[in-house]
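Bear in mind that the values here come from a model prediction, so they are computed numbers and not experimental data. When reading the values below, keep in mind they use all heavy atoms of this one structure, side chains included, and skip hydrogens, waters and symmetry mates. As the structure lists them, so they are numbered: ligands from 1, and atoms in each ligand from 1.
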Amino acid sequence: MNEISARVCEAGVVGAGGAGFPTHVKFDARAEIVIVNGAECEPLLRTDQQLAAVYPSLLVEGLARAMESTGAGEGIIALKAKYQAAISALKPHLRPGMRIEILRDIYPAGDEAITIWLTTGRRVPPGGIPLNIGVVVNNVQTLINVARAMQGEPVTRRTLTVTGIVPAPITVTVPIGTPLTAVLLLAGGGPSPDVAFIDGGPVMGSLVTDLSRPVTKTTGGLIALPADHPLIRQKLSGIRSVVQTAKTVCEQCCYCTELCPRHIIGHRLSPHLIVRAANYNNIGDPELLTAALICSECGLCEIYACPVGISPRRINAALKGELRARGVKYQGTLGKEDPMAEYRLIPSLRVAQRMGLAAWYHQEASLSLDDFEPDTVALSLKQHVGAPAVPVVKQGDLVTRGMLVGEIPEGALGARVHASIDGVVSGVTPEAITVRKGGGRS
Ligand code: SF4
Ligand code: SF4
């Protein structure tokens, strides 16, 4: 492991864009291009654009370290034209080999394979990773965490947008492990039977069933919507009813395939054929079904393309689970790019309107730089891809912010976990370490 990767590893940096892949592993590879994915294409989220505007020098420093670590000669910061504050703030900080690439305001501009295609013209092979084509992609918050790691500061904070039907939409930075209820309070909100919450973006985020759940390194946002909102009903529906709907009403119009972002860049993913195969229990060509493995679950087929309310995404996700459990790997090759690809990209606003989110699409979320601290934090030992961290503290131990509390198991893929507040360890389980504010023994 090179020196930069080692420091990134020590600080517990993981992909903050949602996946939580340990960043030091990416930094230890060789690449030609490093891309900062600042597209933030999920409607309503504001975090990355606001962080880029407030911490441009940290972001550029993180990018510079990523380029140095991977040997990349080119650094691209991918932003949408409407992120003017971020663009203006970043421009004076750019270093040789770096440039800002302005993306169209389409969904899903932030899907890694699509960001790469839009910014470089390169296409990630289906089932492959960006490194296969010499590219490493990092999220804005990840690279800010990298810059802080180089100053010896571990990851103890997470910035997230709280929006939707809350009195005061806000982008806040909180200690990792803060309960979502406390985060919601910062936006003037509280639990209510009439309100449902989504952790992350409205499309790919999951329903929050327990607001005492803690913020992790990958918590993308907290979105409050009316409990009877169609999006909430959609997320609540079980896979049986999804398949039943598909069986009853699929008219094989092919719109889901024609607009599928992965399909248009040449991945052999045809959701209309997968739906047909599932409907008639006709597996036919096995490659057809294993293509579910290369679905990004962007949801465009479900939220925008299908005229009759079917969710090819959910069918793909269910198939993916079964195929992975059986150890099946996708073997297909990259096909031709759709010559009409450019015209099949869907504006984000139209996606938001179709999802019933237009009322909140332009809603601002004020950025708070206050240093909020809850009374207790629950530090999950599995906030990342790989093996859970192993506790290195015990109940009653005093800890200070930044102190190591969870170590990567020997020889495993994983990420370290650090105390996010000063206090006393009040609980240790294989899942989480709880820290209570203050220095008194429990
Ligand atoms: S969710 Fe639908 S549109 Fe998105 S990649 Fe999968 S099949 Fe294509
Ligand atoms: S868009 Fe809907 S109706 Fe048309 S083929 Fe796809 S799943 Fe069937």
Side-chain angles (χ1 to χ4, degrees), residues 18-19 39 41-43 106-118 123-130 200-206 230-231 234-235 237 239 241-282 284 287-324 330 332 334-335 337-338 340-341 343-348 350-352 354-355:
C41 65
E42 278 267 20
I106 55 112
Y107 181 84
D111 169 3
E112 213 168 61
I114 303 302
T115 316
I116 294 171
W117 173 64
L118 290 171
R123 294 182 297 152
V124 179
I129 58 172
V203 186
M204 301 191 65
S206 56
L231 191 60
Q234 200 176 49
K235 286 186 187 288
S237 63
I239 184 66
S241 89
V242 172
V243 172
Q244 197 53 47
T245 309
K247 277 193 169 151
T248 317
V249 295
C250 178
E251 53 200 46
Q252 286 294 290
C253 65
C254 301
Y255 288 157
C256 52
T257 295
E258 285 172 12
L259 295 179
C260 170
R262 295 296 177 109
H263 181 86
I264 66 174
I265 64 166
H267 290 195
R268 298 181 202 275
L269 169 62
S270 300
H272 78 287
L273 293 179
I274 296 179
V275 169
R276 186 165 74 190
N279 286 353
Y280 296 103
N281 291 327
N282 175 14
E287 193 191 324
L288 175 73
L289 283 190
T290 57
L293 288 165
I294 57 171
C295 165
S296 68
E297 298 186 38
C298 72
L300 202 64
C301 50
E302 160 192 276
I303 55 182
Y304 189 85
C306 185
V308 290
I310 296 169
S311 174
R313 177 188 72 88
R314 293 282 301 277
I315 293 170
N316 285 349
L319 267 172
K320 224 190 239 187
E322 279 186 32
L323 292 166
R324 280 186 180 152
Y330 182 72
L334 187 61
E337 187 177 312
D338 183 335
M340 298 292 284
Y343 305 101
R344 297 198 194 279
L345 303 173
I346 311 298
S348 301
R350 278 170 63 192
V351 171
R354 195 66 72 83
M355 291 170 77

Original post:
Charged N to carboxylate O below 4.0 Å: is that the case for E297 and K320?
Top reply: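 Here E297 pairs with K320 in a salt bridge, since their nearest N and O are under 4.0 Å apart.
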Is there a side-chain contact between [X] and [Y] in this structure, where contact means two heavy atoms from C-beta onward sitting under 4.5 Å apart?
{"X": "V203", "Y": "Y107", "value": "yes"}
{"X": "K235", "Y": "S237", "value": "no"}
{"X": "I346", "Y": "I106", "value": "no"}
{"X": "L273", "Y": "T257", "value": "no"}
{"X": "L118", "Y": "I114", "value": "yes"}

Counting non-hydrogen protein atoms only, what is the nearest one to [atom]? Give residue, atom name and distance.
{"atom": "atom 3 (S) of ligand 2", "result": "E251 N, 3.5 Å"}
{"atom": "atom 4 (Fe) of ligand 2", "result": "C253 SG, 2.3 Å"}
{"atom": "atom 6 (Fe) of ligand 1", "result": "C295 SG, 2.3 Å"}
{"atom": "atom 2 (Fe) of ligand 2", "result": "C306 SG, 2.4 Å"}

Show me which atoms of ligand 1 lie under 4.0 Å from any heavy atom of [X].
{"X": "P261", "value": "3 (S)"}
{"X": "G299", "value": "1 (S), 4 (Fe)"}
{"X": "P271", "value": "7 (S)"}
{"X": "E297", "value": "1 (S), 6 (Fe)"}
{"X": "R313", "value": "1 (S)"}

Short side-chain to backbone donor-acceptor contact, [X] and [Y], under 3.5 Å:
{"X": "R344", "Y": "C260", "result": "no"}
{"X": "H263", "Y": "C256", "result": "no"}
{"X": "E42", "Y": "M204", "result": "yes"}

Single hit among C298, P126, C295, S296 for side chain to side chain contact (heavy atoms under 4.5 Å, CB included) with R262: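 For R262, the side chain to side chain contact (heavy atoms under 4.5 Å, CB included) test succeeds with only one of C298, P126, C295, S296, which is S296.
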Is the CD atom of Q244 crowded by more than 12 outside heavy atoms at less than 6.0 Å?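 Open: at most 12 neighbouring heavy atoms sit under 6.0 Å from CD of Q244.
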In terms of atom number and element, which parts of ligand 2 are under 4.0 angstrom from non-hydrogen atoms of [X]?
{"X": "V308", "answer": "3 (S)"}
{"X": "P307", "answer": "1 (S)"}
{"X": "Q252", "answer": "5 (S), 8 (Fe)"}
{"X": "C254", "answer": "4 (Fe), 5 (S)"}
{"X": "H272", "answer": "5 (S)"}

- Are any N, O or S atoms from C256 nearer to atom 6 (Fe) of ligand 2 than 2.8 Å?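 Yes, since at least one N, O or S atom of C256 sits under 2.8 Å from atom 6 (Fe) of ligand 2.
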* Would you check whether G309 reaches within less than 4.0 Å of ligand 2, judged by its heavy atoms? =>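 No, that is not the case, since the closest heavy atom of the residue is not under 4.0 Å from the ligand.
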Practice prompt. Mind running side-chain contact (heavy atoms from CB on, under 4.5 Å) on L319 and L289 for me, showing each step along the way?
Written response: CA-CA 8 Å; L319 267 172; L289 283 190; 3.9 Å; yes
Query raised in the report: Who's closest to atom 8 (Fe) of ligand 1 heavy-atom-wise, of A292, A113, C260?
Result: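 Closest candidate by heavy-atom distance is C260.
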For atom 7 (S) of ligand 2, state which one of I274, L273, I310, I315 supplies the nearest heavy atom.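 Considering heavy atoms of I274, L273, I310, I315, the nearest to atom 7 (S) of ligand 2 sits in I310.
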**Request:** Report the part of N316 (side chain from C-beta onward, or backbone N, CA, C, O) that has a heavy atom under 4.0 Å from ligand 1; answer both or neither where that applies.
**Result:**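 The answer is the side chain of N316.
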